[in-house]
Amino acid sequence: MSIENKNFRPKIVAFCCNWCSYAGADLAGSSRLSYPADVKVIRVPCSCRVNPMFILRAFEKGADGVIMCGCHPGDCHYSTGNYYARRRMTLLFSMLDYIGVENGRTRVEWVSAAEGVKFSDTMNSFVEKIYSLGENVRLGDLRCRS
Amino acid sequence: MQELINRAKELLNDGTVARVLGWKAGDLPYNPEPAFFESAESLKDFVYNGFCGANLSKYMIEASKLEGKTLVCLKPCDTYSFNQLIKEHRVDREKAYIIGVGCKGKLDIEKIRNQGVKGIESIEGAEIGDGADELKIQTIYGEKTVAYADAMLERCHVCKGKEHKIYDEEIFESKETKDGERFDEVSRIEKMSPAEKFAFFQKELSKCIRCNACRNVCPACSCRKCVFDSNKFDSSQKANVDSFEEKMFHIIRAFHVAGRCTDCGECSRVCPQGIPLHLFNRKFIKDIDELYGEYQAGDDTDSKAPLTNYTFEDAEPSIVGKRG
Amino acid sequence: MQRIGVFVCHCGSNIAATVDVAKVAEMALMEPGVVHAEDYQYMCSEAGQAKIADAIHEKKLSGIVVCSCSPRMHEATFRKAAERAGLNPYMVEIANIREHCSWIHKDMEEATKKAVILMRAAVAKVNLNTPLQPGESRVTKRALIIGGGIAGIQTALDIADAGYEVDIVEKTPSIGGRMSQLDKTFPTLDCSACILTPKMVEASAHEKINIYTYSEVENVSGFVGDFTVDIRKKARSVDMDKCTGCGVCQEKCPSKKAPSEFNRGLNNRSAIYTPFAQAIPNVPVIDREACIKFKTGKCGICSKVCQAGAIDYEQKDEIITEKYGAIVVATGFDTINLEKYDEYAYSQSKDVITSLELERVMNAAGPTHGHLERLSDGKAPKEMVFIQCVGSRCADDRGKPYCSKICCMYTAKHAMLIRDKYPDVNVTVFYIDVRTPGKNFDEFYRRAVEQYGVNYIKGQVGKVIPQPNGKLLVQGSDLLDNRQILKEADMVVLATAIEPNPDVRKIATMLTASIDTNNFLTEAHAKLRPVESPTAGIFLSGVCQGPKDIPETVAQAGAAAVKAIGLLAKDKLLTNPCTAHSDELLCNGCSTCENVCPYGAITYEDKEVNDHGIREVRRLAVVNSALCQGCGACTVACPSGAMDLQGFSNRQIIAEVDAICR
Amino acid sequence: MSAKKKQAELIEEISGVNPLKCMKCGKCSASCPSYNEMDIKPHQFVSYVINEDVESLVNSASLWKCLSCFACVERCPRDVKPGKLIDAARQMVVRQKEQTYLSPDEIPELLDPELPQQLLVSAFRRYRR
C-alpha cells in the first residue's frame, strides 16, 4: 500500500485502562518521552471495558489504527479483566484479519504504571506502522455497494 | 412420519404435553414452516421431511412461558441449540418434552434450483422413512431426478453427528451425511491475501439487504431487544445506509454469538440473498478451538464458555499477525 | 442539553508553553453544549477553583470540563470544587492536556490541535454525563499484616496500639524476619536480637495482635474496608496449645541433616525444629520432608519424649477465613541467586560467602558460634576481601538495575567489627562508590577507614580464583592508582544484591496491587503517597516497596500503620458510584455477566417487569453496587447490551471515539 | 560536526555500545589479562570515547594488546563492554586503511589445511561483525 498522500496524518485511538496503562501514559508524559500527537488516549476503567464495538466504531468513523493497553496479565487491578479482554481482542483481531483488514491496524499492548518508556516506545512503533499502512480505506467501506 | 404423529397424539391425549411444536406443510412442497399444534385433530397438517430444516429450539423460549409442557421435535443438530439455551436460562427444560427426531440430511431448494430444476409441483424421496438416495421431482416440464446428497444444505455435509444431545425419547434412524470438513472453507479464505479476502467479503456482504432474517432465526440471537434496535450504543437502525451497524452488522452479530453459536447453520439457510453467513461464526469457532481448546457450544449445559473463561497462558492478540 | 463550562489551565508554562490555551478555550465555545470557556494560569489554585465556582453559579453550568493535568492528579480536586459550588461532582471531566499533550509534544500548532481534540472528547462525554451518587460500604475494623519481620511487627504494634485488631501472617515458623538473622546493626553496632526480641515479645503478648506463623495467604477477595482472606495454616504437627517449648524433641530428634534456613544452610538442624532460640512462638514444627516418621512411618521419638503430648502427626493444613478492612504487605527481601556470577567462585569455594551468611558466621548462635573462621577448614582468616555491588546496579539480566542501598553500610560494619575483634586480620573492600547518606552514616564509614584501618579500593573485582593451597586469588583493579591488583585472600564476602521476596508476586496478584519490573510493589505516588499501593486499602511496609535499612523500614512501617488506622477509624466508606447497572427491559437473564464478574457482585432474581404493557416475571441480573468495583467486564460480556457502566457508559465512550475521529 | 566527534560516533556505531552507561566500576580492568601491557587501561577506553579522543586510542599500544578474550564484555555489569570499543577502534583503523572485507566464499581457498581450528575460531570471533 503506497502512501500517496504526503500530508497523511493518521487518526489513532488508544484505549488505556485507568490503573496501569493510563498511568504509564502519564509517566511517559512526566518523563517527557515523546510520541506522535496522532495518538489520542481514551481512559477506561479496565481493558475489559473495551467493547469490540468501540473499536469497530472508531474505524467506521475514520480511525486509521486502534490500540488497546491494559495491565500485564496477572496484574489486572480487577484481577481478571485483562484476561477476558485478551480473548475478546484476539478473536476480534482475527476476524478483522479474516475479512481482509490489515492486522497492523489493531494492537494490544500490556503497559504497567511503571512503564512510561514502554508506553512511548509502543506508541512510536504503532504510529510508524500505521504510517506504513497508510489511510484506512477498507474498514470504513466494508459494505459499499459494488 | 405417521409414527411421530401418532406418538404426538398419544402425548397430547394423555395430558403429558399441552401442545406440539413441529412443522406444518406450506403452500409449496418445499417450504414447510414451524408451527404449534394445540390439538390431536390439528396434527393432520404436521409434516416432517427433508425440507424441515428449521431449528425449533428458539421457539421454546416463548413456549417456556406457556402453561404445560410443549412437545418439541428436535433434530440432532437442534439439540445443541436447546442445550445452549438451557445454559443461558432462556428455556425451561421442565417445560419441554423433547422428541429427538432422526435426520438424513436437510435439503436446500436453492441447490435443487441451481441444477436447473424449475416449476416444481411435487417432490418424492424427501420423507424421513424413504431412505431414498434420489429425489424424484415432478415439474411442469416433466420429471427430474436429483441425488439427495447434491441437494443437501451445506451444513449437512459437515454434520456434527447423529447423536441427540438432549431428549426424552428418540424416533427415526438418522443417516450419516458428513462428507466434508467443517473448517475447509474457512481455511481456504484464511489463506487468501488481504485484498482477496476483502474482495470476497465485500462481494458477499454487499448483497445484504438487512432483512434481519439471520438474526431472527438465530437461536443465539435471542435477546429481548437486539443492540441494533437499542439506542444504547447509538447503533439503532437509522435510514442512513452508511450508518455504523450497516457495515459492521454481521461482524458484530458474529461476535455477539461467539462462543455461543452452535453452528446450526440457520443464518445461511434463511438468508434470501444466499450470503454464507456461517463463515463468520465458523471462523470464531475455529479460532476458539485452535487457541483455547476444542469447544462445541451446546455440547452440555454447564461448561464455561470460551469468552467467559481464560487461562494465564492464553495467546496474545499479536498471534493473529504471527499465524500469517 | 447540558450547559457546559470549559476551563483551560496554563499550569504555569507546563501547558501554556506548548499549547495555545486561549485557542483551546476559543474552540471550546464552538462545541455543542458549551456556554462558557476560559483559561487561567493555575486552575487547581484557590483562585482557579473560585473561577470554576463563579462560572457554575453565573452561567448555571450543568457540567464542566477542565483541560489540565492528568485526572489521576487533580480530578478529585476539581470534583470537590464543583461539589462545593453545588454541582454533582460526577459532572466533571478532565481533558489531560499536560501528560498526554504539552509534555510530550514540542510543536505548538500540533500540540494545540491535539489539545482541542482532547477537549472535544471530554465535552462530548460530559454531554452524556449524569449526576451520580456514591454509595456506602462498611469497614471491617481489623487489619492483616502479611509478613512478620521487623516491618510487619512494627506496623502491627502501631495499629494494635491504636485499638484495632491485627493479624500477622508469617510464612516461616517464627516471626522476626531477616532482622533476626543479623548480628549487629549499623551505625550504632547494637545487637540486632537485643532490639528485635523485645518487639517480638511485645507483639505476641499484645491482646489485639494475633499471630499466624507457618501460614500463608491463600486467597484474597473483596475490596477496601471489606477484604475476605483465606489463610492456610500449614500443619505444624505440634499442638500449639499443649507444647511448652521445652526443646527436648529437638534434642532427641535423630534426623539432623536438614539445612538450617535460619543459618542460610551453613549448618544443619533437626527435622523437628524452631528456627532459632528466641523464636516466637516457641513451638517447633516438623519438617515433613526431613522427618523419618513421615518418610518411613517408623521413629516417633519426638512423640515419645514429649511430656506434654503435643506432637500430632495427623495434623492437617487448616484454612482460616477472616475479614479485614486493611491489608499491609511487609514481605521483605532475600538475597539474589548468585549462580550467574561464576567469576566470584561462590559455588566453587565455601570461603566465598554472602554478607548475610557472614552475619550468621559472626553471630554467637551461628554455625561457628560467632568465631570468624573459614567454612572450608575452620582456620582463622588473615586476609578478608569484601566485594561491593555484586548483582546491584547491573544493566543485564544477571543482576538488578537498582542500588541495594544497605550494602555500603553493612560492609563498613562488618569490616569494622572484624578489625575490632581480630586486629590481625587485614580487611580490603573493593567498591565502586561508597554511598552513605543517612544520619551518622558517613561518620561511621570514615571510622572504618580512619580508626580501624579498613583498606578501601576504588575498583571492582574481576575474578576470584580458588587456589590449590586453599587461598582465594582476587583479581581486582585500583582505578585511582591505575593498577591491577592480585591479592590472596582467605575469605571473600560478596555484598549480594537484595531482591523482593519471590512470593510477593503471587501475593500482589491476589491483592491486585501493582508491582514493578523488579518485583517491588508500586506505591500510589512516588513522592506523595509512598506507603500506599494504588489499590485502595493495601499499604506497603518495608523492603517490599524498595530497598531500605532498619530505621527506614521502621519509619515506613509506622507510616503504613497510620494510613491503615486512618482507614479503620472510619465507620463507612463512600463507594465509587461508577458501577455497573442492568437495564431490566433488555436483560435476557443469561448469566453471562455473572460468569465474568470478579467480585460476585451480580446475582439473578426473578422479578416482575412491565415491558411496554406486558407484565411478566423474568430472570434478571441485579448488581450489588457495594460489591461492584466498576471494571466493566460484564458490560462487554452482555450480549444484549443491558449491562452498562455509570461514568463510562457505552454512549459516553462512543461519543469520545467519535469526537477523536471526527 | 567536528571530525573528532564523528570518530567517536563511528566508534559507538560500530561497537553498538553506549559509553555513557559506564558507572566506572573498573571490573573490565580487573578482568583484563593484558592489563599490564596496556598504556590505556580498559576502563579508560570509555572515557576516551566520551571525551572524543579516539585519536589517542587509535595510536595507543592497547589497541593491539587487547586479546579479544571478551572477559570484560562478559563481566561488564553495565552493558558497556570496553572490549567492543577497542575492537571498534581497530575496525576503524582497518577501514581507514581501505582494506576491504573478504566475502565468505573467498575464505576456503585461503585457508591452510594445517591451520589449527582454534586459531580459525578465534579469528572469526575477533573479526565477526
Checklist line | C:P639 versus B:R260, closest heavy-atom pair with distance | finding: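 Shortest heavy-atom separation between C:P639 and B:R260 comes out as CB-NH1, 3.6 Å.
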Next item on the list: Please report the closest heavy-atom contact between C:E616 and B:R224, naming both atoms and the distance.
Entry: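 That would be OE2-NH1, 4.2 Å.
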Notebook entry, point to check: Just wondering, do B:R90 and C:N588 contact through their side chains at under 4.5 Å, heavy atoms?
Noted result: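 SC-SC contact between C:N588 and B:R90 confirmed.
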Checklist line | Part of C:I653 within contact of chain B (heavy atom distance under 4.5 Å) | finding: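 Interface part for C:I653: neither.
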Note to self: Between C:C593 and chain B, with a heavy-atom cut-off of 4.5 Å, which part of the residue counts as in contact: side chain, backbone, both or neither?
What the structure shows: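 No part of it gets close to chain B.
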I need the [X] [atom1] to [Y] [atom2] distance, nearest 0.5 Å.
X	Y	atom1	atom2	value
B:E88	C:T592	CD	OG1	5.5 Å
B:K225	C:D611	NZ	CG	8.0 Å
C:C638	B:H256	SG	NE2	8.5 Å

Notebook entry, point to check: Where does B:K304 contact chain C at under 4.5 Å (heavy atoms): side chain, backbone, both or neither?
Noted result: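 Just its side chain gets close to chain C.
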Check: When you look at OH of B:Y167, are more than 12 heavy atoms from neighbouring residues, nucleotides or ligands closer to it than 6.0 Å?
Finding: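 No.
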Item checked: Heavy-atom neighbours of B:E67 CD exceed 12 at 6.0 Å ->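 It does not: B:E67 CD has 12 such atoms or fewer within range.
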Notebook entry, point to check: Who among B:I61, B:L85, B:T308, B:N309 has the most heavy-atom pairs with chain C under 4.5 Å?
Noted result: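 The option with the most such pairs is B:T308.
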